[in-house]
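Indexing begins at 1, ligand by ligand and atom by atom, following the structure's order.
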Amino acid sequence: MAGTADVVVVGGGVIGLSAAWEAARRGLSIALVDPAPGRGAGWVAAGILAPVSETSSERPTLARLFCAAADRWPAFAARLEAATGLATGFQACGAVAVALCASDREALEGLLAAHRALGREASALSASECRSVVDLLSPALDSGVLVPGDHQVDNRALMTALVEACAGAGVQTIAERAAALELDAHGAVAGVATARGDVVRGRWAVLAAGAWTPQIGGVPAGVLPAVRPVKGHVVRLRAAGGRQVFSHVVSGYVYGRHRYLVARADGSVVVGATVEERGFDTTVQAGALRSLLDDARLLVPSADDWEYVECLAGLRPGSPDGAPFVGATRVPGLLVATGHYRNGLLLAPISAEAIAEHLTAGTVLSPFEAFPPDRSGISSASSGPSEAS
Ligand code: GLY
């Protein structure tokens, strides 16, 4: 037997780590099963915390969940830093969204309208005003929008701090791959079996394995949401000088493609991201790298002078209806926390709170009330390969 705990968390990505830490802070004993905690989609990501930019304005309930998530970030980062003594790189930096040409203006108009509809601050900028916010932006831009409420976190510093916080809170890490849920004779959670055949006993299990969540065996049919992998290439560059090259997140619309550049305090710049339906493929493709670098240069011409550091492809857990799956399932003791798609980092603190609330009080956190994990629309969505955008 590999261990016993109140709760077995499957998945040590940003969601699983945050949930494990929050539940441990509230006094539960936690075992976290993951062969490499702190990696996954959250390691590849750029670290943008943008509640409105990546949701549809036609989904106000979902957008309100994202805004509630964003509002928790400053306190969450402060708590994590205080618990670990480690920096997370959280910056209440704001973002400037820009349209490269007139045909990209419509996206900005939608962004402005969505912020206003939700009562979030956003203001239109001329091209020269954009350059007064971020002086490295191209002089050839069309226009922009300033979004003071968008922030950034250094996703890798965050993951490192979460691993440390879990260890400090007594979370037992089992560095194995979870294979199957174990149920007792009444059909309630009894633990999780690992691929090596060990069993971690627990009366609750939280499945937070991102796009891999539906692959956990032993779960009755129809219980797990049909999340799917959505590939995203992300490039890391480094400007000379070892200092942050611009303060705001740059979010750009480039001939219909959405790109972003996130500058970090150490001079590195993260450029993202493609959105591709290619199953569990994480190959780095030349065309995606070229497209990201071309678009980065169109937005910020000096990107051409920066050192190339790395390009990785991660797999976001895509949800059939675009909303996450966080909370209890109909299997007694079984919770899920997945389907966060492009917003895993943003939604980590609020998802952790929702899981911990359920485990300790049996209640549903109000922003999640509209998104029960067994809602209709969880049935399998087909996703054939598509081109990088
Ligand atoms: N949240 C950024 C992305 O998914 O590309």
>> I'd like to know if the side chain of D154 reaches the main chain of A157, judged simply by a donor and an acceptor atom lying under 3.5 Å from each other, with no hydrogens or angles considered.
In response: yes
> CG of L17 to CG of D34: how many Å apart, nearest 0.5 Å?
Replying inline: 7.5 Å
>> Under the rule for salt bridge (charged side-chain N to carboxylate O under 4.0 Å, His left out), what residues qualify as partners of E353, not counting sequence neighbours?
In response: R72
> Counting only heavy atoms not in R238, do more than 12 sit closer than 6.0 Å to its CZ atom?
Replying inline: no
>> So if I only count non-hydrogen atoms and take anything under 4.0 Å from ligand 1, which residues does that give, chain by chain?
In response: E54, Y260, A273, R316, R342
> Given R259, which of T274, D295, D294 fulfils the side chain to side chain donor-acceptor pair (under 3.5 Å) condition?
Replying inline: D295
> Are D266 and R264 within salt-bridge range, i.e. N to O under 4.0 Å?
Replying inline: no
